[in-house]
There are 2 protein chains.
Amino acid sequence: MNRHLQSFPDAAAMGRLSRLASLDADELDALSSAGATRRKTAAHREIMAEGKRAAEPSMVLSGWACRSRIFRDGRRQILSLLLPGDLIGVCEQRNAMAPTAISALTEVVLCAVPRPLPHQHGLIDAYTRSGALDEFYLYRQVARLGRLNAYERIIDFILEIRDRLALVGMGTDDNFPLPLTQETFGDLLGLTSVHVNRTLQRLRRENLLDLRGGVARLKDVEHLMHVVEHRLPNIAVV
Amino acid sequence: MNRHLQSFPDAAAMGRLSRLASLDADELDALSSAGATRRKTAAHREIMAEGKRAAEPSMVLSGWACRSRIFRDGRRQILSLLLPGDLIGVCEQRNAMAPTAISALTEVVLCAVPRPLPHQHGLIDAYTRSGALDEFYLYRQVARLGRLNAYERIIDFILEIRDRLALVGMGTDDNFPLPLTQETFGDLLGLTSVHVNRTLQRLRRENLLDLRGGVARLKDVEHLMHVVEHRLPNIAVV
DNA sequence: CGACAAGTTGATGTTACTCAAAAGTGGTGG
DNA sequence: CCACCACTTTTGAGTAACATCAACTTGTCG
C-alpha cells in the first residue's frame, strides 16, 4: 500500500480506493488532506436522515453503518451495509437529497473525501468503481431477499461480507470480523432474530460456519460458495 | 413538451429526460441524433447478458424490460424494471461490465443516447437524476422484499409503477398499463404466481385495485398509499 | 377448431413468524 | 469481588403466510 495512506491510522479504509484504481501523488494528497476532517458517531445513532440535503462526500474509516428504512409499526429493513472504505454521497449531484437514512451499527468514524477535479482520472475511476460495487451488491441484496431462503440468505450474506472486507484487508479467507447482533442480521436479511438464531445453529451443526462473538469462521468455503452459486463482482481490481 | 422531441414517435420516453432537467437546444439535438439508432428486441429475449461488456448508453423507447437473476434450479428474481424513458448503462465507466442481465418482458425498442460532453450540464443533470431515481427505486425494492408481506408488496409495487409511468405521461392517477403476467409479478415480488393470483383477488374483492388485461385500475388511491406509507422520491422534477 | 399461454381453484406441506420465557454475556458501581 | 442491570442468545410451543402440486378454466390467436 502507498506511503501516503499508510501514514494514517485508518490506512485500510483509505487503501480501498487505491485498489479500485491507481491514484497518483496529487490524488493521494487530495485524499489525505480531505481525510483530516472526521466525524465520529456512536453506535445506534443516525449519521444522516432520509431526505435531508446530503452531506459532503465521505468515507467510512472505521465501524459498521447501514442504510435502513423503518416502518410505522416498527418493522425495520436494512437496505445495505456500509463497511470501512465505503463511500457515502459521492456520485450524487449537488444539493441531492439522501435517498435513505444512514445509521451507525457500531461506533463509526467518517472522514471527508475530495470531490474529484476533472483531471483526476484515477480518483474519478475509483469513485465510479466503488459506485459500481455498491450497485452490484444492491442487486444482490434484492436477489437474496426475493428468492433465497433463510439458510441461503445467511450464507450468501456472509460470503459477501468476506469479499468486501478482503478489499480493505480486514480478515482472511475464512475468518473475519462481523460485529452484528442476530437482531441486526434479521433486519438485514428480512428475517426474525429467532429464525436467524436457529439457522445459525444449523450452520454450526453442519460444520459450515461458526458465527460467534462478532467473528465469522468459515469451515468449508467451497461448499458454502456452491450452495449460493457465489460469484465475484465483475469489477477489475488494480 | 419540447418541439424537438415531439417530432419523434416515442416522444413520451424521450420527454422524460427533459422533465428531469431543462435541456438546451444543443442537448436536444444530441438526443435526437443519437436517438435515431434503434434496436428492437422481442418479448422474452435477452437484451444484454450479465458480465458482458456493457453496450452503448441507451434508453427504453417503448416496451417493458427487466434486470434479473436466474438460479441453477430455475428460480428467477427480477431485480428491477425498465420502463419507457429509463436509461441503461449511462453512468457506468468505459468498458464496464453489465452488473446484471437485462431481458425484454414485452417487445422492447431501445435507442442510443449521447454520452454528455463536459459542457452539457442539462444532460449531465438529467442522467444523474435518472440514476438517483434508479437508486431510490432499488432501495425501495429491497425494503419491499425484506419487510412487506404479499399484500403490501403488490400495493407498493403498483404505486411505484404509477409514479414512474406518470413521469413519461403514460396513464392517469388511477389507470395505467401494466402488461405483466402474474408469473412475472411473482418473480418481481419474490412470490409464486399462485399467491399473486390470490392476493390480487383479495384486492379486487376489497375494491382497492383491479388488475386485469394488462391494465391497472386503482379504486382507492388514498387508502392504498396509506397501507404502504407511500412516499415520492425526493428528486426534483422540472 | 385446436393449441398454448395465462389465470384460477383446491388440498396439502413447509418455512418462517409470534409470543413467551430462560439462560448466557458483559459492563458498572458499590 | 460481587450484585445488578441491560442486552443478546437460546429454547419451546403454537400459528400464519406462503409454497407446492395438480388439475381445471378461460382467453387468444393462427
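In the text below, chain A, chain B and the rest are named by the order of the sequence lines, each starting its count at 1.
With A:F71 as the aromatic partner, A:R75 meets the cation-pi criteria of under 6.0 angstrom to the ring centre and within 45 degrees of the ring axis.
At the heavy-atom level, A:R202 lies nowhere under 4.0 Å from the strands shown. Residue B:T192 is in base contact, counting any heavy-atom pair closer than 4.0 Å across all strands shown.
Between the CZ atom of B:R212 and the P atom of D:dT28 there is a distance of 12 Å, given to the nearest Å. Counting to the nearest Å, the C1' atom of C:dA5 and the CG atom of B:L105 are 16 Å from each other. Atom CD1 of B:I154 is separated from atom C1' of D:dA17 by 13 Å (rounded to the nearest Å). Spacing between atom CZ of A:R205 and atom P of D:dT10 amounts to 12 Å, rounded to whole angstrom units. The CG-C1' distance, from A:D73 to C:dT18, rounds to 14 Å in whole Å.
When each of B:G190 and A:Q182 is assigned the nucleotide of DNA chain D with its nearest heavy atom, A:Q182 is the one assigned upstream, toward the 5' end. Mapping B:V194 and A:N197 onto DNA chain D by nearest heavy atom places A:N197 closer to the 5' end of the strand. The 5' end of DNA chain C is approached more closely, in terms of each residue's nearest nucleotide, by B:R198 than by the other of A:Y151 and B:R198.
Each of A:R204, A:R217, A:R205 was checked for a salt bridge (charged side-chain N to carboxylate O under 4.0 Å, His left out) with A:D210, and the lone residue meeting it is A:R204.
A 6.0 Å sphere centred on NZ of B:K219 holds more than 12 heavy atoms belonging to other residues, nucleotides or ligands.
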Practice task
Report the C-alpha distance between A:L110 and A:T41 in whole Å, list the side-chain angles of each, state the deciding distance to 0.1 Å, and finish with yes or no for side-chain contact (heavy atoms from CB on, under 4.5 Å).
Solution key: CA-CA 8 Å; A:L110 296 185; A:T41 307; 5.5 Å; no

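Note on B:Q201: a side-chain N or O is less than 4.0 Å away from OP1 or OP2 of C:dT9.
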